[in-house]
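Scope of the values below: all heavy atoms of this structure, side chains included, with no hydrogens, waters or symmetry mates. Reminder, nothing fancy here: chain letters follow the sequence lines and each chain counts from 1.
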2 protein chains.
Amino acid sequence: MSTRPTPPKYLTAAEFLIREIAAGRLSDGERLSPERDMAAEMGLAVGTLRRALADLEGKGLLERVQGSGNYIRNSPDITGLYGFFRLERPDGGGVPTAETLSVALLPKPAHAPDFGADRNGHRIRRLRRLDGIPVAIEEIWLDGARAREVRQADLSDSLYLFYRKSLGFWIARTEDRVGLAPVPGWAPTGFAPAPGATAGHVARLAQDQDGQAVEFSETWFDPATARYVARQR
Amino acid sequence: MSTRPTPPKYLTAAEFLIREIAAGRLSDGERLSPERDMAAEMGLAVGTLRRALADLEGKGLLERVQGSGNYIRNSPDITGLYGFFRLERPDGGGVPTAETLSVALLPKPAHAPDFGADRNGHRIRRLRRLDGIPVAIEEIWLDGARAREVRQADLSDSLYLFYRKSLGFWIARTEDRVGLAPVPGWAPTGFAPAPGATAGHVARLAQDQDGQAVEFSETWFDPATARYVARQR
DNA sequence: AGGAATTTGTGCGTATGTATC
DNA sequence: AGATACATACGCACAAATTCC
């Protein structure tokens, strides 16, 4: 009979801290105990704990400041952890906001790729603005198994923050396909390209920290008022 | 008077190894000496060298195999280290190739952002194909200070491989802006959208390992035959 | 097939440097 | 200036994976 090898302590420690953060027991800006104290409490050598902390820093969950301390980084930083891609005004910049138009639990659409365990998904439709100007519409499908219910009132500008704070997972990897596509019929009045007109189109498949695909989304943006920006590495 | 602090040994060691690889003295697949031997040669503790090796592994330049050794990973893997973004066929996949149309040393264009020290740049124009079908044209401006001369014969499908192998630097970060733009007049016959017609447009600014901006490029792709794909994280 | 040798991975403890408070 | 706290570096012991004989 084969037994699974015990994971290394530094991984166990890192996962423990990640769960603490995800569960909200460690919140934004909070300073952790000194490394030596934490190590003693957890029964680890300082070097072992330091390796776990380095992992968390790599994930962007922690800021380590020499001579000061280790700080939880849990803020809704648009351009930071969640800045996989963004929309910008053609001349750069622009303050992004999002307005949730509707939320519904429905069967996943046929054209969506296989993702998640559930047959249904939470469909979230949003209007996105830069400096108050509508520049894009968005349809997001979150796998139904990830939340019993998604209430419109719970959603803020950052959907990914909601995932982490309320649903206990986070988006670790994404793959975006950018092309052109006609604007769908549900586009609200006020969004520049009329339904049927050609717009920039982003199809995204997003995975959580364990590599599970949890979300499929489509964004239609007006090329006259917005650009898709991807910063890499 | 202030003196610059000496960099940590693990960084010095990592940079030394990176230069060895870039200079070709360590080539693909080659196995390094055992860690303990290398550490002794370099006058370092094993742990210090191991940190340098871990850095290289993080950059994808090294593969570390427990019980076996450390192996140089220097292959021209299109989707690997240099796969910042790629063009794909609408249904996915497609074998990418590139045909260099022209190379010239010219003053940088006015619409390019500030990058590099030189007033001039090497302008490289390419036709890109997927499965042999022309899907995009590309105009790349490499800062003139980075190479005395760029000969068309030296360029292979992977421009970034040429940078690393022949010019001694590599692209570490990129920022892509994707929108729509008319196809320029120099587009060769055989490229689907005619000059003046609207195409997908990617403007890229690329930085080397030291954070210096070295390259500005524009790509026009046919949305009917290709999609821009960005995988992140 | 199997065991020994080799090589990297994990973990510990400690000393010293350096930034912050 | 002193205390605190993280960063670097060293050396060692043992575990686990691979390779060699």
Side-chain angles (χ1 to χ4, degrees), chain A residues 1-21 26-75, chain B residues 1-18 20-21 26-74:
Chain A
M1 117 146 222
S2 77
T3 59
R4 187 186 319 195
T6 56
K9 293 187 183 181
Y10 72 88
L11 270 186
T12 308
E15 285 166 5
F16 168 75
L17 291 169
I18 287 175
R19 279 195 302 277
E20 291 294 296
I21 295 170
L26 297 172
S27 51
D28 192 30
E30 193 169 335
R31 206 194 77 167
L32 300 180
S33 311
E35 294 177 352
R36 275 159 183 75
D37 298 358
M38 289 181 67
E41 283 172 25
M42 301 169 72
L44 298 173
V46 181
T48 305
L49 175 63
R50 279 179 59 77
R51 176 145 180 200
L53 295 173
D55 280 11
L56 263 61
E57 185 181 35
K59 291 188 197 299
L61 296 174
L62 200 64
E63 187 177 2
R64 313 184 66 188
V65 183
Q66 181 175 0
S68 177
N70 293 295
Y71 299 88
I72 302 292
R73 288 278 294 101
N74 208 2
S75 68
Chain B
M1 116 149 224
S2 76
T3 58
R4 188 189 319 198
T6 56
K9 293 186 183 180
Y10 73 88
L11 271 186
T12 309
E15 284 165 6
F16 168 75
L17 290 169
I18 286 175
E20 291 294 297
I21 296 170
L26 297 172
S27 50
D28 192 30
E30 193 169 336
R31 208 194 77 166
L32 301 181
S33 311
E35 296 177 348
R36 279 156 181 79
D37 298 358
M38 290 181 67
E41 282 173 26
M42 301 170 73
L44 298 173
V46 181
T48 305
L49 175 63
R50 280 178 59 79
R51 174 145 182 199
L53 295 173
D55 280 12
L56 262 62
E57 185 181 35
K59 291 188 199 298
L61 296 173
L62 201 64
E63 186 179 1
R64 313 186 64 190
V65 183
Q66 180 176 1
S68 178
N70 293 294
Y71 300 87
I72 301 292
R73 276 278 152 265
N74 208 4

Q) Can a donor-acceptor pair under 3.5 Å be found between the side-chain atoms of Gln66(A) and the base atoms of dT18(C)? A)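 It does, because a donor-acceptor pair links the side chain of Gln66(A) to the base of dT18(C) below 3.5 Å.
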
Whole angstroms only, please: what is the [atom1]-[atom2] distance between [X] and [N]?
X	N	atom1	atom2	answer
Asp55(A)	dG9(C)	CG	C1'	14 Å
Glu63(A)	dA5(D)	CD	P	18 Å
Lys9(A)	dA13(D)	NZ	P	18 Å
Leu32(B)	dT7(C)	CG	C1'	13 Å
Leu53(B)	dT7(C)	CG	P	14 Å
Asp37(B)	dT6(C)	CG	C1'	10 Å
Met38(A)	dC6(D)	CE	C1'	13 Å

[N] phosphate, OP1 or OP2: any side-chain N/O from [X] under 4.0 angstrom?
X	N	value
Ser68(A)	dC6(D)	no
Tyr10(B)	dT8(D)	yes
Arg50(B)	dT8(C)	no
Arg36(A)	dA5(D)	no
Arg51(B)	dT8(D)	yes
Asn70(A)	dC6(D)	yes

Q: Using a heavy-atom cut-off of under 4.0 Å over every strand shown, decide if Val46(A) touches base, sugar-phosphate, or nothing.
A: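 Result for Val46(A) = nothing.
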
Q) Gly47(A) near the nucleic acid: base, sugar-phosphate alone, or nothing, with a heavy-atom cut-off under 4.0 Å? A)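 Nothing: the residue Gly47(A), judged by heavy atoms under 4.0 Å, touches no strand.
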
Q. Side chain to side chain contact (heavy atoms under 4.5 Å, CB included) between Leu53(B) and Leu17(B): does it pass, once the steps are laid out?
A. CA-CA 9 Å; Leu53(B) 295 173; Leu17(B) 290 169; 4.0 Å; yes

(Q) So does Ser68(A) get a backbone contact from the side chain of Arg31(A), meaning a donor-acceptor N/O pair under 3.5 Å? (A)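 Yes, the answer is positive, given that a donor and an acceptor are paired below the 3.5 Å cut-off.
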
Q) For the side chain of Arg31(A), counting heavy atoms from C-beta on, which of dC12(C), dA5(D), dT10(C) is nearest? A)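 Closest of the options to the side chain of Arg31(A): dA5(D).
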
Q.
Reading DNA chain C from 5' onward, which residue's closest nucleotide shows up sooner: Val65(A) or Glu35(B)?
A.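 The residue mapped nearer the 5' terminus is Glu35(B).
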
Q: Nearest-nucleotide wise, let me know which of Leu49(A) and Arg64(B) is further upstream toward the 5' end of DNA chain C.
A: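 Its nearest nucleotide being more 5', the pick is Arg64(B).
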
(Q) Under a 4.0 Å threshold between the charged nitrogen and the carboxylate oxygen, would Arg64(A) count as salt-bridged to Glu35(A)? (A)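 Yes, this pair counts.
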
Q) Do you know the tightest heavy-atom contact between Ala13(B) and Ala52(B)? A)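 Smallest interatomic distance, heavy atoms only, reads CB-CB, 3.9 Å.
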
Q | Pairwise distance CG(Leu49(A)) to CG(Leu44(A)) - rounded to 0.5 angstrom | A |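 The CG atom of Leu49(A) sits 6.5 Å away from the CG atom of Leu44(A).
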
